[in-house]
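Since the structure comes first, as structure tokens, the remarks are kept for the end.
Numbered from 1 within each chain, the chains take letters A, B, ... in sequence-line order. Just so it is clear, the model here is predicted, and its values are computed rather than measured. Only this structure's heavy atoms are used, side chains among them; waters, hydrogens and symmetry mates stay out.
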2 protein chains.
Amino acid sequence: MGAKEKRVKNKEEFRREILNSARELFIDDGYEKFSMRRLAEKIDYSPTTIYLYFKGKDDLLLAICEEVAEQFLTRMSHIRSVQSNPYEALRQAMLYLVEFAFDNPNHYKIFFLTRPNVYGTQEEFMKRESMARNSYFEFRKVVQVCIGAGKLRPMDIDVLTQVLATAPHGLITMMLYRSSFPWADRRVLATTLVDGLLRGFRK
Amino acid sequence: MGAKEKRVKNKEEFRREILNSARELFIDDGYEKFSMRRLAEKIDYSPTTIYLYFKGKDDLLLAICEEVAEQFLTRMSHIRSVQSNPYEALRQAMLYLVEFAFDNPNHYKIFFLTRPNVYGTQEEFMKRESMARNSYFEFRKVVQVCIGAGKLRPMDIDVLTQVLATAPHGLITMMLYRSSFPWADRRVLATTLVDGLLRGFRK
DNA sequence: ACTATAACTTAACAGCGTTAAGGCTTATTG
DNA sequence: CAATAAGCCTTAACGCTGTTAAGTTATAGT
């Protein structure tokens with residue numbers, strides 16, 4: 001039925017519109033001020049309407065997390081295709097992580113502040129297709145190539161990937177959430193961390 | 001006046017009792033379930049009573065953060081006095097950071113999730129005496145000694161301190177908040193990170 | 001024309017942090 | 001001793017929050 005398809009399509013369109021407005025609200029007013037009711041007001045519908053398109057706030061946040069992860073994934077693939085030097089690709093990937101966070105602090109906060117376990121159990125996470133999962137594997141590939149090319153010490157690929165991925169996250173979150181601390185220059189901190197860390201795992 | 005002093009002492013005692021109950025509530029039920037009203041119920045007072053002893057929720061959280069920082073500070077001093085090898089002291093300090101976080105995830109969440117800027121502006125943070133500030137300087141000393149002893153490359157002490165302190169934080173927060181991800185073994189990750197990182201800054 | 005369905009809203013529940021106002025008990029003063 | 005002041009605590013309320021149940025309204029299909 002053509003009508004039904006149209007209805008479905010409209011439903012998906014509307015879902016996207018809500019998502020776009022939510023993202024705008026986050027960027028304009030910050031994570032702290034975001035609420036379902038404010039979002040409803042922004043899109044000129046009653047709060048309950050949103051619940052016809054998203055299971056709840058967590059579901060909406062999860063959808064935005066996936067957007068963020070998709071952006072990251074895209075950039076990661078780009079770096080990998082452009083940069084032939086594997087070590088430099090990894091370096092750039094890590095630096096991009098930090099750069100992205102500071103350019104989009106609210107996106108990053110969404111990704112981080114979303115309550116735990118929105119992705120389900122560990123097994124569910126690995127089974128279910130998700131941008132978050134895919135971008136992990138994309139980053140892992142970059143690390144893998146580095147080891148394969150003999151640039152980094154051979155070791156458990158997942159351990160190394162997780163160490164390299166989370167360390168910059170620490171710098172980011174602390175700087176974002178403890179802004180009252182007199183941090184050193186962002187770029188200096190980022191390059192020092194990344195270069196130091198990679199040097200530590202060089203062959 | 002003796003009576004006045006006694007009253008003041010009682011006031012401080014009560015403040016401590018509230019704080020203790022708050023900590024208990026955090027540990028038993030987790031950060032997410034904590035609220036002023038639930039705390040009030042636990043101590044068998046009306047919610048407003050808490051406001052006679054704390055400015056508000058943030059103030060209460062800040063007090064708990066300070067407790068956490070004090071614990072960290074004590075341990076840090078202990079390590080420094082026991083361990084004569086500066087490099088090993090730094091290594092242990094960093095490993096302790098991770099260990100503490102996983103042993104006291106709720107404490108750590110409080111410290112982290114507390115809204116930004118509760119410590120005021122950057123200048124205020126450095127001026128005002130606080131356990132958070134002191135423990136930073138304590139950690140900084142450990143790093144300083146390492147550089148002084150020629151164990152680490154000479155470089156900006158604050159940059160290095162901040163890099164070494166925040167990197168483990170990334171591992172911790174990600175593992176605590178993204179528990180649906182199939183992380184590798186905690187200890188392996190912790191030692192890999194710390195040893196790799198320190199190796200990267202060795203002379 | 002009647003009915004079913006889809007889209008949306010109103011009203012409400014239960015919770016939150018916080019504040020203003022008032023009550024009650026104890027201490028201080030005229 | 002009676003009147004007043006101070007300290008401690010509570011009740012009630014404001015304005016938020018996420019979420020749900022029930023009801024309305026308009027449109028499509030028979």
**Study point:** Closest approach of Ala93(B) to Met76(B) (non-hydrogen atoms, all atoms of both residues)
**Key:**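 So the two residues come closest at CB-SD, 3.4 Å.
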Study note, to complete from the structure: Smallest heavy-atom separation, Gly56(B) atom then Tyr51(B) atom, equals CA-CE2, 3.8 Å
Practice item. Between Lys55(A) and Arg38(A), name the one whose nearest nucleotide on DNA chain D is closer to the 5' end. Key: Arg38(A)
Specify the separation, in whole Å, of atom [atom1] of [X] and atom [atom2] of [N].
X        : N       : atom1 : atom2 : result
Leu60(A) : dG18(D) : CG    : P     : 10 Å
Lys57(B) : dG17(C) : NZ    : P     : 5 Å
Asp58(A) : dT19(D) : CG    : P     : 7 Å
Leu39(A) : dG18(D) : CG    : P     : 9 Å
Tyr51(B) : dC16(C) : OH    : P     : 11 Å
Leu52(A) : dT20(D) : CG    : P     : 12 Å
Glu41(B) : dA14(C) : CD    : C1'   : 13 Å
Lys33(A) : dG18(D) : NZ    : P     : 15 Å

Considering only side-chain heavy atoms of [X], which listed nucleotide, [options], is closest?
X        : options                   : result
Tyr53(A) : dA12(D), dG17(C), dA7(C)  : dA7(C)
Ser46(B) : dT10(D), dC16(C), dC8(C)  : dT10(D)
Thr49(A) : dT10(D), dT9(C), dT19(D)  : dT9(C)
Thr48(B) : dT17(D), dA20(C), dG17(C) : dA20(C)
Arg37(B) : dT18(C), dC8(C), dC8(D)   : dT18(C)
Tyr45(B) : dT10(D), dC16(C), dT19(D) : dT10(D)

Exercise for review: Show your working on side-chain contact (heavy atoms from CB on, under 4.5 Å) between Asp158(A) and Tyr136(A) and close with a plain yes or no.
Suggested key: CA-CA 10 Å; Asp158(A) 281 300; Tyr136(A) 173 75; 2.7 Å; yes
Check your understanding: Quick one: are the ring centres of Phe72(B) and Phe100(B) less than 6.0 Å apart?
Key -> no
**Study point:** Distance below 4.0 Å between Lys11(A) side-chain N/O and dA7(C) OP1 or OP2
**Key:**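 It does, given that an N or O in the side chain of Lys11(A) lies less than 4.0 Å from OP1 or OP2 of dA7(C).
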Review point. Is Arg202(B) positioned over the aromatic face of Tyr87(B), cation under 6.0 angstrom from the ring centre and no more than 45 degrees off axis?
Key: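 Yes, a cation-pi geometry holds between Arg202(B) and Tyr87(B).
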